[in-house]
Amino acid sequence: MVNFLRTTEEVEAIVPNLEKKKILGVDTETTGLDPFVDKVLLLQIGDLEDQYVIDTQSAKIEPLRPILEGIKIPKVLHNANFDYKFIRSNFGICMENMIDTMLIEMVIRNGVKRSGFGLKHLMKDYFEQEISKEEQTSFIGHKGDFTEKQLEYARNDVIYPLRILEQQIPIAIKEELEFTIKLECQAVAAFADMEYNGILLDTARWKKLIREADKGKSAAKKKLDKIFQRFAPGDLFGFVSINYDSDQQLRDALRRLLKSERNFSEKQLEERLPDTSRETIVAIDHPVKDLILEYRTHQKVVSTYGRGFLKHVHKKTGRIHPNFRQLGAESGRVSCTRPNLQNIKAGSDFRNSFIAGKGRKMITADYSGCELRIIAECSQDPVFLRTFNDGGDLHSIVASTMFKKEVTKDKNKHLRKAAKGINFGLAYGMGAQGLSVIIGNDSKSDEENLREAEKMLDQYFKSYPTIKDFLDGSAEEGVKMGYSRTMGGRKRYYSLPPVPKRDEHESDDTFFEARKNRRRQLGAIQRKAKNTPIQGTSADMTKLAMVWIREEIKNQNLDAKLINTVHDEIVVECGEEIAEKTCEMVKEMMTKSGEVFIKSIPADVDASIEDHWTK
DNA sequence: TAGGAGTGCGCG
DNA sequence: AAAGCGCGCACTCCTA
């Protein structure tokens, strides 16, 4: 028998009982997935003893506000982001102190599995209980009375997360993941708020940029057609145009062109035009090179940032409400979809097209040199630490040391660029091969460039042995333990390849091949293990800053909204009269969060106040 | 015709 | 399979 409440009086009556609970499960059933359009039909709340299903069409949930908004009783939800947004849009209630069993599971299994985090999967995994989610869809477009089956289904969705949490807690403790889990659970509200708040796009300006790209694309295409015309098949009946978006067609066309105009042999063509990657195109010694690059730049704008992008402007709110995946990357980073607001062209009019509302301002704040500072902290390298403490330019210092020449942002720029390439590349486990591509000189042979790169790497690690020790240590630990950890304690598991056994193989050849393959896989893990503590700590830091910024907005009752985050950057929109104050607050929270992880040097936060998103 | 794999490229 | 980490999206090409 389900406790089904249909009046506000009945809801009022359960409050005293709920207030006595140490923990509460919460869930909703909605008519759809869009919080701005769809309705909450049922709200379920309770613990393992008592569960209440409330008909939110006939009863007000206002009496529950103190419980939901209060921090005293934690609310357990599976995928809290979803319910938070619906409860906010339908009832104007913003839940606090949420525990999200989906995020907890993702933290616990990070690197072990990529999907299967639904309630159904978890009930199977933890209890071998098969539950049906069929009833869920019965609420779409639902009207009128509910069946007993629907109510029973609704009630169970309060119980399941509570039971799952009981299983997860001992695992979390054993794996020492408390900090990460707490962080992620606190951050849910910040991400849900960001999605709910949305961001305003100056669509007229955006459309103008697309039109310009359209023109540029057509112009480039015309010029390309002229060049390729005579090498295209079907000449007899006129020119059959090449689809320059097709790597196959483009590659074949380029091969015909170079064969004819540069007298390349078949073998040369295969070597020099194996694909149509940027790297390959750049190496072509023919005016067609620049045209292709130009075409692609425009094509990218027209496609990725084109029409498909504008369809994400919400009809009702007029804003773009992206979908943040709080644990989108195994490193702990956030990813963003529909649309992806983390790959908007930087330093361009595209970014500037994201604007603050009327009478409002946009604050763009980011950690400068975040990952290098984390490397400095973890390695305790004396030069890195001193440079960051003195406010010096690390790339210049590193270049000066390595090349034994004076290097500044103006003097010997090319050496600074090389050092920058190393500084960043090494954080990803880059080798000499990769480095030679970055710092390579076209006038030298590949072989010479490789030698040069090897010498540079060698010199680098001789100058900064502590950096080498730190990175090698991370790689070794990853392979030895089977996981990496960030400074926030986040774990990322690796599936280690088994050692091949000779008797499992038919021949020496396949045996050696298997060994080679294993080494390759280990190499990949080592590179990930070098990078994960760095990238992941940066993610920890930014997430914690977001939690605190949201808290400050709430506590100070600021007219400000979290809008976006791009890995080491946070964007906030606020009333213009409090822009200065808000900007200082954002800086302060980010700095404070930086100090939690980086103790030896300051976390340098750049922030600006504009009418639009910057950088 | 929908969906997966492959390629290329935008961001940090 | 890969020798540079982490993403998402558009497009082509091919298959079920």
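Just so it is clear, the structure is predicted and the values come from calculations on it, not from any experiment. Chain naming here is simple, since letters A, B, ... match the order of the sequence lines and numbering starts at 1 in each. Both backbone and side-chain heavy atoms feed into the values below; hydrogens, waters and symmetry mates do not.
- At a threshold of 4.5 Å between non-hydrogen side-chain atoms, the residues V566(A) and L341(A) do not count as touching.
- Listed by chain and residue number, E105(A) satisfy the salt bridge (Lys or Arg N to Asp or Glu O under 4.0 Å) test with R109(A) (two or more places apart in sequence, or in another chain).
- Where DNA chain C meets chain A (any atom under 4.0 Å from a heavy atom), the bounding nucleotides read 5' to 3' are dA2(C) to dC13(C).
- Distance noted for atom C1' between dA5(B) and dA1(C): 13 Å (whole Å).
- Relative to the six-membered ring of Y196(A), K85(A) misses at least one condition, a distance below 6.0 Å or an angle of at most 45° to the axis.
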* W613(A) and F350(A): CA distance, side-chain angles, deciding distance, ring-ring contact (aromatic ring centres under 6.0 Å, His included) verdict -> CA-CA 9 Å; W613(A) 185 16; F350(A) 286 91; over 10 Å; no
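- The neighbour count for Q380(A) CD, taken as heavy atoms of other residues, nucleotides or ligands under 6.0 Å away, is above 12.
- Counting heavy atoms from C-beta outward, E377(A) and F597(A) have side chains that stay 4.5 Å or more apart.
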* Asked: Along nucleotides 2-12 of chain B, 5' to 3', which nucleotides get a B, which get an S, and which get a -, given that the test is a protein heavy-atom distance under 4.0 Å?
  -> -----SBBBSB
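- If you check dG10(B) for Watson-Crick or wobble pairing at under 3.5 angstrom, you find it paired to dC7(C).
- The environment of R251(A) atom CZ is dense: over 12 non-hydrogen atoms of other residues, nucleotides or ligands sit within 6.0 angstrom.
- Nucleic acid contact for G429(A): sugar-phosphate only, since backbone atoms but no base atoms lie under 4.0 Å from a heavy atom of the residue.
- Separating the P atom of dG4(C) from that of dG8(C) is a span of 22 Å, rounded to the nearest Å.
- Comparing R114(A) and N243(A) along DNA chain C, the residue whose closest nucleotide (by nearest heavy atom) sits nearer the 5' end is R114(A).
- Residue R527(A) is classed as a sugar-phosphate contact, given heavy-atom separations below 4.0 Å to backbone atoms only.
- Between F424(A) and H395(A), a ring centre-to-centre spacing shorter than 6.0 Å is recorded.
- On the P atoms, dA3(C) is 15 Å away from dG6(B), given to the nearest whole Å.
- At a cut-off of 3.5 Å, with distance as the only test, no side-chain donor of S507(A) or D509(A) sits close to an acceptor on the other residue.
- Across all strands, R492(A) comes closer than 4.0 Å only to sugar-phosphate atoms, never to a base (heavy-atom distances).
- Residue contacts for C370(A): at a heavy-atom cut-off of 4.0 Å it reaches no nucleic acid atom on any strand shown.
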